[in-house]
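Everything below concerns the one structure shown next.
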Amino acid sequence: MRKHGLKTAVVLCMDVGLTMSNSAPGEESSFELAKKVIQKFVQRQVFSETKIELALVLFGTDSTDNPLSQDGQYQNIRVHRHLRIPDCELLIEIENQVQPESKEGDWLDALVVCMDLLHTETKGKKYDCLNIALLTDLNTQTNEESLEVIINNLTQSGITMQFFLPFPVEEDKEGQGDSERRDPGHPGTGKGLSREQKKNMELVKEMMLSLDVEDGLDEIHTFRNAIEELCMFKRVERRPVAWPCQLTIGSSLSIRIVGYKAVTDEKPKKMWITVDAQSHQKDDVKRETVYCLDDDNETEVQKDDIIQGFRYGSDIVPFSKVDQEQMKYKHDGKCFAVLGFTKQSAVIHRHQFMGSQILKIFAARDDEHAGVALSALIRALNELQMVAIVRYAYNRTSNPQVGAAFPCIKQDSECLMYVQLPFMEDLRHFTFPSLENKKFTPSDAQLSAVDSLIDSMMLVEEDENGEQRDLFKPHRIPNPAFQRHFQCLHHRAVSPGTPLPPIEPWLKAALDRPEVITERCQDPLDVLKRKFPLTEVEKKKKLKTSAQIFEESEAKKVKEDEAEEYNLANIAEGSVTSVRIRGRQLTHRIEQLLSNKNTQYYMKSITCIQAFREQSVKLANAEHYNSYLQSLKGSIPNRGLEVFWELLVQGMICLFT
């Protein structure tokens, strides 16, 4: 449907008459498709929080209810809902109350009723756009004498028209019959158009070509195309909110600027409220918060007697409201101060961009001098391939940021693009092992296979004119979380008590790999499978009994003890030089043992130290031993080896007594 302004009045005029229920075998009727169109349109308006006012008029109804129904005129037309902001109540009414009926209605008469409704209910108010969307199969008798008057009134009132039909309406081409012009996939056409449909189609074309609208026939749509266009819930429309500030360079240069959010993390309004499960009324539920001491009596504490506490390690540090206010970072208020300049390629890395928004910075609209100064700065940065590093603060209460301001020059505008940069604490440093592995070096054929796969999956390709074309456009994909959220809300509103529907197929398809990529990468994937064959390796590990595990453990202990004695015996031999060499080996062994904070290893370490001392005394060379022992003593507190040192001291005392 047409994109409407922020203040718009739209009348949905739907045919519910007898012929709308006709359909070819296995196809949906025109009524079902038309109902889907208005449902999806109303859904978009409800969840996008727009200012569009909607009215709903039905024709072909069994009853008549409209202000023009006098003297037998404008019969079988009912104003179902007058102009107002759409809500879930309207969605429920469309689901339950809009049903096929058994009469026929004149679509031109229905159009007059819609025009009268717009004239009456918008009188004295200011609207950007008045629009009527008429959904019908055109298979009714029509009084065409009023067509010229209707066209004149539409033109004078500034009302725009849109038609939604079960078949496409195209300009007649010589040699093209009805069967060629008819879209075979649309119901309501049968083996061809009826006489009434052919006649009414000409009236529609005459009307749309007579209105002062460029390409009027483009405003005639088919039901199915409209459903595809309306399948996604419309995003929330936001007015651009200006952020005025001063761009400063040093203390002497100041430029008046205004900033706008170009990219930001969009979040739906949190409209969850607690209601009574039976009445569904908010007022039936009241929430009270009571603070109590954690004692046997659960003594109640007044809110004024409670302060905030910050967990600091295992302690809780209390902070009053005054403390919390004083601990905030204080600065001079909003600012956009240039700290310096740097090459884009030298420092700024895209993977280090952060924050939840990107700002576009323009010169103040009414300041010519600011425009000249900012333009000179932008063009200089662009020519030198540099960026400005700036200090940014939104207001006095917000924390300051450091970011980069990039020059952006387009055909009709130029601005700075501000992106936040990380502070030291925001960076995460990781160390990973090298990917190089001599044992598993890929061959040239394997590398070529991977290259081919990457080339086949490129999401950018050149078109016939040699220009780059995107095959996958994330900026045109709606947020699937939003779409699913609104889909479930709508279903629960109109169908309470029934299971939620599955995710709609179009949304799944939007997030899939483009079909052209899937087809293109199939052959490279097959080659990749052949070049990197996978073989299943099973490790056969026999289960051991507890007795076997115990025996192996005991044998290992005996072996370690024997090795220890052997090493000590070897170390005890030799000259002064050999003592130094063996001493270094022994101290290394002592350090290994002390890394295991266990009494058993402490005792082994003490045995080594005693052997080290004995050999040093025997060879009259205690320098190396004394030096090591002093060093070891100094490291005891930092290494948490107080227990070991006590055992060592006790062992030495026993040795000399």
Side-chain angles (χ1 to χ4, degrees), residues 1-4 8-17 19-21 23 28-48 50 52-61 65-66 76-101 105 107 110-111 113-115 117-118 121 129-140 159-167 186-188 204 219-234 486-487 489-491 493-495 501 504 506:
M1 283 191 173
R2 183 193 301 273
K3 292 183 179 179
H4 301 287
T8 302
V10 178
V11 180
L12 299 174
C13 184
M14 178 178 169
D15 187 354
V16 296
T19 60
M20 287 286 286
S21 299
S23 65
E28 292 179 290
S29 66
S30 296
F31 171 83
E32 293 171 322
L33 292 173
K35 185 173 178 177
K36 281 186 178 181
V37 172
I38 63 171
Q39 279 180 322
K40 290 189 176 294
F41 179 73
V42 174
Q43 286 172 11
R44 284 165 63 92
Q45 309 315 315
V46 169
F47 295 116
S48 65
T50 59
I52 292 179
E53 296 181 7
L54 290 181
L56 178 60
V57 175
L58 307 176
F59 66 99
T61 56
D65 183 9
N66 69 79
N76 306 114
I77 303 172
R78 185 172 74 239
V79 177
H80 183 87
R81 184 182 175 108
H82 292 269
L83 275 179
R84 55 190 283 194
I85 299 295
D87 50 24
C88 284
E89 182 182 349
L90 177 57
L91 289 172
I92 296 172
E93 290 177 3
I94 294 172
E95 177 70 21
N96 300 325
Q97 299 178 21
V98 177
Q99 302 296 335
E101 302 193 28
W107 65 269
L111 185 54
V113 172
C114 295
M115 293 166 60
L117 185 150
L118 281 176
E121 300 189 11
C129 177
L130 303 177
N131 179 254
I132 298 173
L134 198 146
L135 302 91
T136 179
D137 63 354
L138 296 178
N139 203 9
T140 60
I159 298 175
T160 58
M161 283 294 306
Q162 287 177 289
F163 282 88
F164 296 86
L165 311 174
F167 45 81
H186 295 277
V204 169
E219 296 299 331
I220 304 174
H221 311 273
T222 63
F223 292 148
R224 292 191 185 278
N225 287 343
I227 292 172
E228 291 175 1
E229 292 178 6
L230 296 171
C231 63
M232 69 180 67
F233 291 91
K234 190 178 181 183
F486 294 138
Q487 179 197 6
L489 282 179
H490 169 254
H491 180 86
V494 301
S495 304
E504 294 185 342
W506 72 266

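Using a 4.5 Å heavy-atom threshold, the side chains of Phe486 and Val46 count as separate. Taking the side chain as every heavy atom from C-beta outward, Leu111 and Met161 approach each other to under 4.5 Å. By the 4.5 Å heavy-atom criterion applied to side chains, Val57 and Leu12 are not counted as neighbours. Contact of the Met14 side chain with the Val16 side chain is registered, since non-hydrogen atoms from C-beta on lie closer than 4.5 Å. Under the 4.5 Å side-chain criterion, counting only non-hydrogen atoms from C-beta, Gln99 is in contact with Lys35.
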Q: Show your reasoning for whether side chain to side chain contact (heavy atoms under 4.5 Å, CB included) applies to Leu165 and Thr222.
A: CA-CA 5 Å; Leu165 311 174; Thr222 63; 6.0 Å; no
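To the nearest 0.5 Å, the span separating CG on Leu90 from CG on Leu54 amounts to 6.5 Å. To the nearest 0.5 Å, the span separating CZ on Phe31 from CG on Leu135 amounts to 11.0 Å. Leu134 contributes atom CG, which lies 8.0 Å from atom CG of Asp15 (distance to the nearest 0.5 angstrom). Taken to the nearest 0.5 Å, the CD atom of Glu219 stands 7.5 Å off from the OG1 atom of Thr160. In this structure, the separation between CD1 on Ile94 and CD1 on Ile38 is 4.5 Å, given to the nearest 0.5 Å. The SG atom of Cys88 sits 12.5 Å away from atom CD of Glu95, with the distance rounded to the nearest 0.5 Å.
Note: Trp107 and Phe163 have perpendicular aromatic rings, judged against thresholds of 30 and 60 degrees for the angle between ring planes.
Looking at every heavy atom in both residues, Leu91 comes nearest to Val42 through CD2-CG1, 3.5 Å. Of all heavy-atom pairs spanning Ala133 and Phe164, the tightest one is CB-CE1, 3.9 Å. Between Pro501 and Gln487, the shortest heavy-atom distance links the atoms CG-NE2, 3.6 Å. Of all heavy-atom pairs spanning Asn131 and Leu118, the tightest one is O-CD1, 4.1 Å. Closest of all the heavy-atom pairs between Met20 and Ser29 is O-CB, 3.6 Å. Closest approach of Leu33 to Glu28, counting heavy atoms only: CD2-OE1, 3.4 Å.
Remark: the backbone N or O of Arg78 is not paired with any side-chain donor or acceptor of Asn66 at under 3.5 angstrom. Put simply, the side chain of Thr61 gets close to the backbone of Asn76: a donor and an acceptor are under 3.5 Å apart. Within the 3.5 Å criterion, the main-chain N or O of Leu83 finds a donor-acceptor partner in the side chain of Glu121.
Asp87 pairs by the salt bridge (Lys or Arg N to Asp or Glu O under 4.0 Å) definition with Arg81, Arg84, not counting sequence neighbours. The side-chain hydrogen bond (donor to acceptor under 3.5 Å, both in side chains) check on Glu89 picks up nothing, with sequence neighbours excluded. Not counting sequence neighbours, the partners of Ser21 by the side chain to side chain contact (heavy atoms under 4.5 Å, CB included) test are Pro100.
With 3.5 Å as the limit, one finds no donor-acceptor pair spanning the side chains of Ser30 and Asp137.
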